[in-house]
Enquirer: 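Below is one structure. I have some questions about it.
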Amino acid sequence: IEAHKIDLGFVGLRPAFSGHDLLSECVAHDTILAAIPADHPLARKKKLRLAELSAEFFAAKSAEAYPGWREWLLETCRGAGFTPKILQEAHSEPAAIQFVADGLGVALMPQQVTGLPHEGVVFRPLSPPLLRESTIAWRADNPSKPLRDYIRIVKDLAQGA
């Protein structure tokens, strides 16, 4: 976006824009699930409290591939009374799933990833439910009418979802 190669990006979490001339808006909230090795004792439970993961190592999404994710993970876990022990960083969601399948930790992932192959991994909802913002971002100085129209379409579709 900053390099003027694209006009709008789906950036997941609302990023910190200090020093940047970017705008963002939350267009949806994603349900977050715990990804756990299928043979882990917690995999037998139907729902988990986030605090039940406090003793586990975490496979986190990398800061390069998922800006803001690490900060979100730290803040979210601290809210549940613990600091996550991050053992691995993944550059993609399939890689994070594989880390979990290999027994290298647990992960917090959006519900949409359950559609990816995940042999050896189970996904469990959290109680209370955990939601994460899904955000779009664009340059504040872009006067493009098609961009403004597209932002309106994305927001309208997100509200109807």
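Just so we're clear, the structure is a prediction, and the values are computed from it rather than from any experiment.
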Enquirer: For A96 and A59, which heavy atoms make the closest approach, and how far apart are they?
Expert: O-CB, 4.4 Å
Enquirer: Using modelled atom types and a 3.5 Å cut-off, is there a donor and acceptor pairing between side-chain atoms of R124 and backbone atoms of K45?
Expert: yes
Enquirer: Measure across L8 and W138 and return the closest heavy-atom pair with its distance rounded to 0.1 Å.
Expert: CD1-CE3, 4.1 Å
Enquirer: Quick one: closest heavy-atom pair of L73 and P84, and the distance?
Expert: CG-CG, 4.1 Å
Enquirer: Evaluate the side-chain proximity of V121 to I36: yes if any heavy-atom separation is below 4.5 Å, no if none is.
Expert: no
Enquirer: If you look at every heavy atom in T135 and S24, which pair is closest and at what distance?
Expert: CG2-CB, 3.7 Å
Enquirer: Using distance alone, with no hydrogens and no angle criterion, decide if E56 and H40 have a side-chain donor and acceptor under 3.5 Å apart.
Expert: yes
Enquirer: Can you confirm whether Y150 is buried at OH, in the sense that more than 12 heavy atoms of other residues, nucleotides or ligands lie under 6.0 Å from that atom?
Expert: no
Enquirer: Output the distance between atom OG (S144) and atom CD1 (I151), rounded to the nearest 0.5 Å.
Expert: 8.5 Å
Enquirer: Supply the atom-to-atom distance K155 NZ to C26 SG, rounded to the nearest 0.5 angstrom.
Expert: 11.0 Å
Enquirer: What distance do W69 atom CH2 and T76 atom OG1 have between them, rounded to the nearest 0.5 Å?
Expert: 8.0 Å
Enquirer: Same hydrophobic cluster for L42 and F57, using side-chain heavy-atom links shorter than 4.5 Å among ILVMFWY?
Expert: no
Enquirer: Is the side chain of R148 donor-acceptor paired with the backbone N or O of N142 at a distance under 3.5 Å, no angle test?
Expert: yes
Enquirer: How many angstroms lie between atom CG of L108 and atom NZ of K61, to the nearest 0.5 angstrom?
Expert: 9.5 Å
Enquirer: Can you get from W72 to I86 by hopping between Ile, Leu, Val, Met, Phe, Trp and Tyr side chains that sit under 4.5 Å apart?
Expert: yes
Enquirer: Group every Ile, Leu, Val, Met, Phe, Trp and Tyr by side-chain heavy-atom contacts under 4.5 Å, then state whether V106 and I32 land in the same group.
Expert: yes
Enquirer: Which pair of non-hydrogen atoms, one from A51 and one from A80, has the smallest distance, and what is that distance?
Expert: CB-O, 3.8 Å
Enquirer: Show, in sequence, the C-alpha distance, side-chain angles and deciding distance for L50 and F82, and conclude whether the side-chain contact (heavy atoms from CB on, under 4.5 Å) test is met.
Expert: CA-CA 9 Å; L50 185 56; F82 69 99; 4.1 Å; yes
Enquirer: For residues E93 and L116, report the shortest heavy-atom separation together with the two atoms involved.
Expert: CB-CD1, 4.3 Å
Enquirer: Report the distance from atom CZ of R78 to atom OG1 of T83, rounding to the nearest 0.5 Å.
Expert: 5.0 Å
Enquirer: I'd like to know whether F123 forms a side-chain contact (heavy atoms from CB on, under 4.5 Å) with V113, so could you lay out the CA-CA distance, the side-chain angles of the two residues, the decisive distance to 0.1 Å, and finally the verdict.
Expert: CA-CA 9 Å; F123 292 95; V113 303; 3.7 Å; yes
Enquirer: If you measure from CG on L157 to CZ on R152, what distance do you get to the nearest 0.5 Å?
Expert: 10.0 Å
Enquirer: Does K85 have more than 12 heavy atoms from other residues, nucleotides or ligands lying within 6.0 Å of its NZ?
Expert: yes
Enquirer: Is there a donor-acceptor pair under 3.5 Å between the side chain of D102 and the backbone N or O of L104?
Expert: no
Enquirer: Please answer: with hydrophobic residues joined when any side-chain heavy atoms are less than 4.5 Å apart, are M109 and L131 in the same cluster?
Expert: no
Enquirer: Would you say that P110 contacts R132 through its side chain, given a criterion of any heavy-atom pair below 4.5 Å between the two side chains?
Expert: yes
Enquirer: Is it true that L33 and I97 fall in one hydrophobic cluster, defined by side-chain heavy atoms closer than 4.5 Å?
Expert: yes
Enquirer: Do the side-chain N and O atoms of Q112 and D30 include a donor-acceptor pair separated by under 3.5 angstrom?
Expert: yes
Enquirer: Would you please test R139 and D21 for side-chain contact (heavy atoms from CB on, under 4.5 Å) and show each step?
Expert: CA-CA 6 Å; R139 286 188 336 277; D21 194 21; over 6 Å; no
